[in-house]
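These notes are about the structure you will find just below.
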Amino acid sequence: GINAEYGDIEENLWRFAMFSNNDPYQYDDFQAAAGDQRNRLQQTSVRIDQTTSRIKDANQTASRIEETGIAVLGELASQNESLLRTRDKTHEIEDKMKQSRKILMDMTRQLITNKLILVGIILLLILAIVLIIYFKFVR
């Protein structure tokens, strides 16, 4: 990567020096240009390293967020199952309550019927006693 580019720059510098008719000003200009190019390569390398580091940090953060999301989804699924079971139990209880109410209403009706029959029997007995006393003492 970068080391190879440095080597290419140095090689170009030597070639330029060989074919430049030994003009010291041209060699200095080329050396300055090569130095600028080296500086730009180093700055680019630093930026690439920083960007790579940021990308790694972002990937680690994304992985932690993904793990947290998976854990939350698992917990939500568990809570959803619990809520569904609770809803089913609630429906069962409501059905049992309806059955209990029906049984209580039937028992109440039976109790009222039994009391009416008992009152009717008592009234018949009182009427029979009154008739017996009337016929015994009045006749």
Side-chain angles (χ1 to χ4, degrees):
I2 292 176
N3 289 335
E5 290 180 32
Y6 286 138
D8 290 344
I9 291 171
E10 287 182 27
E11 186 179 323
N12 288 336
L13 181 63
W14 284 108
R15 278 188 196 151
F16 181 76
M18 300 291 272
F19 296 110
S20 68
N21 297 326
N22 294 326
D23 184 0
Y25 294 111
Q26 281 184 336
Y27 184 74
D28 288 342
D29 288 345
F30 182 74
Q31 220 173 9
D36 284 346
Q37 193 172 15
R38 249 188 233 116
N39 287 338
R40 281 184 290 186
L41 280 172
Q42 286 175 341
Q43 290 172 352
T44 302
S45 175
V46 167
R47 276 188 252 141
I48 288 172
D49 290 343
Q50 289 171 344
T51 303
T52 302
S53 176
R54 282 191 217 125
I55 288 172
K56 285 180 183 176
D57 290 346
N59 281 337
Q60 289 174 350
T61 301
S63 293
R64 285 193 305 268
I65 289 172
E66 183 180 13
E67 289 171 6
T68 302
I70 289 170
V72 167
L73 285 175
E75 183 66 27
L76 287 174
S78 172
Q79 289 177 358
N80 184 42
E81 290 175 20
S82 177
L83 287 171
L84 290 174
R85 283 192 305 270
T86 302
R87 186 190 66 188
D88 291 343
K89 289 290 183 185
T90 303
H91 287 309
E92 283 180 35
I93 291 171
E94 286 175 356
D95 291 342
K96 299 287 183 187
M97 294 281 291
K98 286 177 186 176
Q99 289 175 353
S100 298
R101 257 187 242 115
K102 184 179 181 295
I103 291 171
L104 284 174
M105 291 298 282
D106 289 345
M107 288 172 66
T108 304
R109 259 187 254 120
Q110 188 66 38
L111 180 69
I112 291 172
T113 303
N114 288 345
K115 281 187 179 182
L116 288 175
I117 291 172
L118 187 60
V119 168
I121 291 173
I122 291 172
L123 288 175
L124 280 175
L125 286 174
I126 292 174
L127 180 66
I129 291 172
V130 169
L131 285 175
I132 290 174
I133 291 175
Y134 174 76
F135 284 116
K136 247 213 185 210
F137 292 110
V138 174
R139 274 196 158 195

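We use all heavy atoms of the structure for the numbers below, so side chains are in, but hydrogens, waters and symmetry mates are not.
- Of the inter-residue distances, the one linking E66 atom CD with T68 atom OG1 reads 10.0 Å to the nearest 0.5 angstrom.
- Note: the hydrophobic cluster containing L124 does not contain L116 (ILVMFWY, side chain heavy atoms under 4.5 Å, direct or indirect links).
- S100 places a side-chain N or O within 3.5 Å of a backbone atom of K96 that can act as its donor or acceptor partner.
- Of the inter-residue distances, the one linking M107 atom CE with N114 atom CG reads 11.0 Å to the nearest 0.5 angstrom.
- Side-chain contact between Q42 and N39 is present, with at least one heavy-atom pair separated by less than 4.5 Å.
- Within the model, atoms CZ of R64 and CG of N59 stand 11.0 Å from one another, a figure rounded to the nearest 0.5 Å.
- Between I103 atom CD1 and Q99 atom CD the span is 6.5 Å, to the nearest 0.5 Å.
- Cluster annotation: I126 is connected to L118 through the hydrophobic network of ILVMFWY side chains, with a link wherever side-chain heavy atoms come within less than 4.5 Å.
- Listed for the S45 side chain is no donor-acceptor partner under 3.5 Å among the backbone atoms of L41.
- The line from OG1 of T108 to CZ of R101 is 13.0 Å long, rounded to the nearest 0.5 Å.
- Here the OG1 atom belonging to T113 is positioned 5.5 Å from the CD atom belonging to Q110, to the nearest 0.5 angstrom.
- In summary, D88 and R85 do not engage in a salt bridge, as defined by a charged side-chain N under 4.0 Å from a carboxylate O.
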task: Would you check, one step at a time, whether the test side-chain contact (heavy atoms from CB on, under 4.5 Å) holds for N80 with L76?
output: CA-CA 6 Å; N80 184 42; L76 287 174; over 6 Å; no
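- V46 and I55 are members of different hydrophobic clusters when ILVMFWY side chains are connected at heavy-atom separations under 4.5 Å.
- For the pair S82 (side chain) and S78 (backbone), a donor-acceptor distance under 3.5 Å is absent.
- Put simply, the side chain of I48 reaches to within 4.5 Å of the side chain of T52, judged on heavy atoms.
- Cluster annotation: L131 is connected to V138 through the hydrophobic network of ILVMFWY side chains, with a link wherever side-chain heavy atoms come within less than 4.5 Å.
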